[in-house]
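Along the sequence shown, the residues carry numbers beginning at 1.
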Amino acid sequence: MAFNDTFRFGAHAIIFNSEGHVLLLKRTYGDKGWSLPGGSVELGECKGGQK
């Protein structure tokens, strides 16, 4: 790793309904494929958008 490497934090969830189906979301960016719900924190972003 270089001195200027940055790390990003993120999380995804696997959510099942009572019938065992998994919740997937259709992305609106990039290849617009299907993915699990989740996201990442941007550099400088704070909880609730407060700094």
Side-chain angles (χ1 to χ4, degrees):
M1 286 190 284
F3 180 75
N4 291 327
D5 285 350
T6 53
F7 295 90
R8 295 179 60 138
F9 293 96
H12 286 84
I14 302 174
I15 301 170
F16 298 91
N17 67 7
S18 61
E19 297 175 357
H21 298 125
V22 177
L23 175 66
L24 294 175
L25 303 177
K26 181 83 168 172
R27 289 189 299 270
T28 59
Y29 57 89
D31 67 4
K32 299 189 178 184
W34 293 93
S35 66
L36 295 170
S40 62
V41 179
E42 299 294 329
L43 185 62
E45 184 178 359
C46 297
K47 179 181 174 186
Q50 301 172 3
K51 288 192 174 194

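Listed for the K26 side chain is a donor-acceptor partner under 3.5 Å among the backbone atoms of K32.
Taken together through direct or relayed side-chain contacts under 4.5 Å among Ile, Leu, Val, Met, Phe, Trp and Tyr, I14 and W34 form part of one hydrophobic cluster. F16 is connected to L36 through a chain of hydrophobic side-chain contacts under 4.5 Å among Ile, Leu, Val, Met, Phe, Trp and Tyr, so both are in one cluster.
Looking at heavy atoms from C-beta onward, L24 lies out of side-chain contact with S35 at the 4.5 angstrom threshold.
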